[in-house]
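All figures in this text were calculated on a predicted structure; none of them were measured in a lab. First listed ligand is number 1; within each ligand, the first listed atom is number 1. Just the heavy atoms: all of them, side chains too, but no hydrogens, waters or symmetry mates, feed the values below. Numbers here simply count residues along the sequence, with the first being 1.
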Amino acid sequence: MKLMTGREYVLSLKEYNPDIQVKGKKVRSVADEPLFKPGINAIAVTYELAHQKKYQDIMLATLEDGTKVNRLNALDFSTDDLLKKLDMVRLICKWTGCGQRYLMHDALGALAEITAMIDADKKTDYFSVFKDYLLHVQKHDLTCGTAVTDAKGDRSKRPHEQADPNLYVRVVEKNQKGIIVRGAKANITGAPYVHEFIVLPTRSMQKEDVDYAVSFAVPVDAPGLKIIAKPAGRPEDAEAPFSSNFGQSTALVIFNDVFIPWDRVFLCGEWEYTGKLAEAFANHHRHSCIGARAGLGDMIIGASALMAEYNGLSYTDVPHIRRNLGELIRMIEGFYATGVAASVYGRKTVAGNVVPDSVQSNIGKLMLAEQVYDIFRIAHEISGGIVATAPTPEDIAIPEAGELIDQYLVGKHGITAEERIKMARFIEDLTASKEGGFYALISLHGGGSPEAMRMSAVRNYDIESKKEHILQKLACFAKLEGTCKECETCVNDELCEQECK
Ligand SMILES: Cc1cc2nc3c(=O)[nH]c(=O)nc-3n(C[C@H](O)[C@H](O)[C@H](O)COP(=O)(O)OP(=O)(O)OC[C@H]3O[C@@H](n4cnc5c(N)ncnc54)[C@H](O)[C@@H]3O)c2cc1C
């Protein structure tokens, strides 16, 4: 099995020739495109950390034969694996803001479970196709984008009801060699600089949607595949100390009659399993998002505490700075704790892999989706207006203006204006810039809208047993009060007797 270095990953992109455009121009070489550099840097970190001894316990997974692979390319086989995955994603995102590659880990986990489930029910052979693909990914240490969200068109209509039949990815032809697919997936993270895409259905489907029930893997440069991408982060922006180095591209990925051989098809026509596959992916992915946003939170806590110090207000001395940092810790460690709980309460699937508890992973993702705005607000309250108003590098570079800025924008004695401005810019970059808005949006909608999380949590939560418990209690109270109608409401006589004694 290969374990690429960051540099090898960047060079490996040169072996592909995808059809990509960004900001109105065609991309000749992804590896050399400055507008993607922050995104490529972020993925490279996922390769580099796997070579660092102190991180290998969480960055590497051990296969049955003892071989080590990057954990991002592996299934989870224990609750300990889930905990390590969570820690790994937090570590990666603490460095990069968003390591992006964890989406593929989540897709692989979901495909293992659901392909094995379909085979058990329908005597198909998808699980062995999946296992061969997993081996291929591990052997070459690939990065795969995960394409779930269809273009979707009119949200109130199902795939087959859309005015344009191509608004969800669909199978337009099947032959002995494979299938041909048409349609588009939207908002796809990292699309320009991955090796392959794993394509999953975005929702549950009905019999009439049978052509839309499809899942497959495809190289990024397959004929007919087109990528319309956004720049990653804020490339070459002197006011962006973080996101000029690390960022994330997203793209519209268009399948214009793309051929997929059968040995890369994981589901084709089994519409009853599309909802299960979408939900299985969402469960893994929301669990990963918890780790990702905790990593972002780590950076915000560190930068906010430093900014307060640079302003002359240490959290050890100033009560409201301490209280605000306490709020940041409450929120970030609060949602992270649900990720830990989702790991600990993980369950084994028919495929043998272990998946997070879906109530906990959905609730954790929902918490971070809503709290990200409070996290940014508190960072702003602690730091002050300089986060938005720091003079530009061009003005600082003019000697006369630079001297005045040095004089008037100092903070605590011993901290220069330059250091204070640098910290303010870092916080602006993460929380108040175009990139800050991006982090809010990805926290809110990445992995599904908040309503999708509420629906999943309710669907998977045992509300019926809570209702039964209340009915039992009320029946017991009625006996105690002498108003019992003798079994009109009592749902469990035995328990009722015990409680009334
Ligand atoms: C930065 C970023 C990165 C992303 N990366 C990826 C990726 O790598 N791969 C991927 O597959 N996806 C990715 N996504 C997509 C993400 O999963 C979707 O944004 C999310 O599922 C919401 O879908 P949408 O954007 O189409 O919004 P919509 O579905 O249009 O949602 C908008 C609102 O409409 C509501 N709504 C939608 N449909 C209905 C309905 N039928 N009935 C009632 N209400 C409805 C929603 O609850 C929400 O409030 C990414 C998103 C972002 C922002």
Side-chain angles (χ1 to χ4, degrees), residues 38-39 42-43 72 89 93 96-108 110-111 143-159 161-162 167-169 183-194 196-206 209 214-218 220 227 229-233 243 246-255 274-275 277-286 288-289 292-293 296 362 365-366 368-370 372 434-458:
I43 301 268
L72 291 160
V89 175
C93 295
T96 63
C98 184
Q100 302 160 65
R101 198 175 165 205
Y102 56 86
L103 278 118
M104 69 178 288
H105 169 278
D106 304 336
L108 294 170
L111 278 170
T143 289
C144 302
T146 300
V148 184
T149 311
D150 290 270
K152 292 195 290 198
D154 182 338
R155 269 59 175 161
S156 70
K157 293 190 164 37
R158 297 193 156 273
E161 295 168 337
Q162 299 287 336
L167 288 174
Y168 283 75
V169 170
K185 295 280 186 180
N187 317 324
I188 307 307
T189 291
Y193 40 81
V194 298
E196 302 203 2
F197 289 111
I198 297 173
V199 175
L200 303 175
T202 199
R203 58 175 298 165
S204 66
M205 294 185 191
Q206 297 175 337
D209 299 317
V214 64
S215 171
F216 55 88
V218 60
V220 69
I227 297 169
K230 287 188 72 168
S243 60
F246 292 116
Q248 166 178 354
S249 171
T250 55
L252 180 65
V253 178
I254 298 143
F255 298 88
T274 52
L277 184 49
E279 183 144 345
F281 167 73
N283 181 24
H284 282 279
H285 188 46
R286 290 167 192 169
S288 293
C289 288
R293 249 35 86 191
L296 179 72
N362 274 286
K365 172 65 187 31
L366 186 59
L368 74 89
E370 292 177 346
V372 66
K434 170 172 151 287
E435 195 65 5
F438 184 92
Y439 281 122
L441 250 297
I442 196 170
S443 303
L444 190 73
H445 270 302
S449 73
E451 190 56 18
M453 280 150 232
R454 288 183 204 104
M455 279 163 54
S456 283
V458 170

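The presence of a protein heavy atom under 4.0 Å from atom 36 (N) of ligand 1 is ruled out. Not a single protein heavy atom sits closer than 4.0 Å to atom 42 (N) of ligand 1. Within a 4.0 Å radius of atom 1 (C) of ligand 1, the protein contributes at least one heavy atom.
At least one N or O atom of Val148 sits closer than 3.5 Å to an N or O atom of ligand 1.
Scanning all protein heavy atoms for the shortest distance to atom 6 (C) of ligand 1 gives Asn187 O, 2.8 Å. Of the protein's non-hydrogen atoms, the one nearest atom 32 (C) of ligand 1 is His445 CE1, 4.3 Å. Scanning all protein heavy atoms for the shortest distance to atom 21 (O) of ligand 1 gives Gly448 CA, 3.3 Å. Of the protein's heavy atoms, Thr146 O, 2.8 Å lies nearest to atom 9 (N) of ligand 1. The nearest protein atom to atom 40 (C) of ligand 1, hydrogens excluded, is given as Arg155 O, 3.7 Å; this is a heavy-atom distance. For atom 8 (O) of ligand 1, the nearest protein heavy atom (residue, atom name, distance) is Thr189 N, 2.9 Å. Among protein heavy atoms, the minimum distance from atom 53 (C) of ligand 1 is reached at Leu441 O, 3.9 Å.
In this structure, Ile442 and Gln248 have side chains that are in contact, with non-hydrogen atoms separated by less than 4.5 Å. Using a 4.5 Å heavy-atom cutoff, the side chains of Val214 and Val199 are not in contact. Considering only heavy atoms from C-beta on, Arg203 stays 4.5 Å or farther from Thr274 through its side chain. For the pair Pro38/Ser243, no side-chain contact is recorded, criterion being any heavy-atom separation below 4.5 Å from C-beta on. Side-chain contact between Glu279 and Ser204 is absent, with no heavy-atom pair separated by less than 4.5 Å.
With distances taken over non-hydrogen atoms, the option nearest atom 23 (O) of ligand 1 out of Arg158, Arg203, Lys230, Lys152 is Lys152. Which of Ala282, Ser156, Ser449 comes nearest to atom 46 (C) of ligand 1 through a heavy atom is settled by distance: it is Ser449. Compare Thr149, Val199, Val253 by their heavy atoms: the one nearest to atom 12 (N) of ligand 1 is in Thr149.
Across all non-hydrogen atoms, the minimal contact from Met205 to Arg158 is CA-NH1, 4.2 Å.
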Item to complete: Mind running side chain to side chain contact (heavy atoms under 4.5 Å, CB included) on Ile198 and Leu103 for me, showing each step along the way?
Response: CA-CA 10 Å; Ile198 297 173; Leu103 278 118; over 6 Å; no

Practice prompt. Take Asn187 and Thr149 through the test side-chain hydrogen bond (donor to acceptor under 3.5 Å, both in side chains) and record every step on the way to the result.
Written response: CA-CA 7 Å; Asn187 317 324; Thr149 311; 4.8 Å; no

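We find the CG-CG distance between Leu277 and Leu200 to be 5.0 Å, quoted to the nearest 0.5 Å. In this structure, the separation between CD1 on Ile254 and NZ on Lys185 is 13.5 Å, given to the nearest 0.5 Å.
Counting only N and O atoms by type, the side chains of Gln100 and Thr189 include no donor and acceptor under 3.5 Å apart.
The distance from ligand 1 to the heavy atoms of Glu451 drops below 4.0 Å at these ligand atoms: 47 (O). Those atoms of ligand 1 that come under 4.0 Å of a heavy atom in Ile188, given as number and element, are 7 (C), 8 (O), 9 (N), 10 (C), 11 (O). Counting the atoms of ligand 1 from 1 in the order shown, those under 4.0 Å from a heavy atom of Phe438 are 1 (C). Atoms of ligand 1 found under 4.0 Å from any heavy atom of Gly447 (numbered from 1 in listed order, with element): 17 (O).
In this structure a side-chain-to-backbone donor-acceptor pair under 3.5 Å is missing from Tyr439 to Val372.
Under 4.0 angstrom from ligand 1, there are no non-hydrogen atoms of Ala452.
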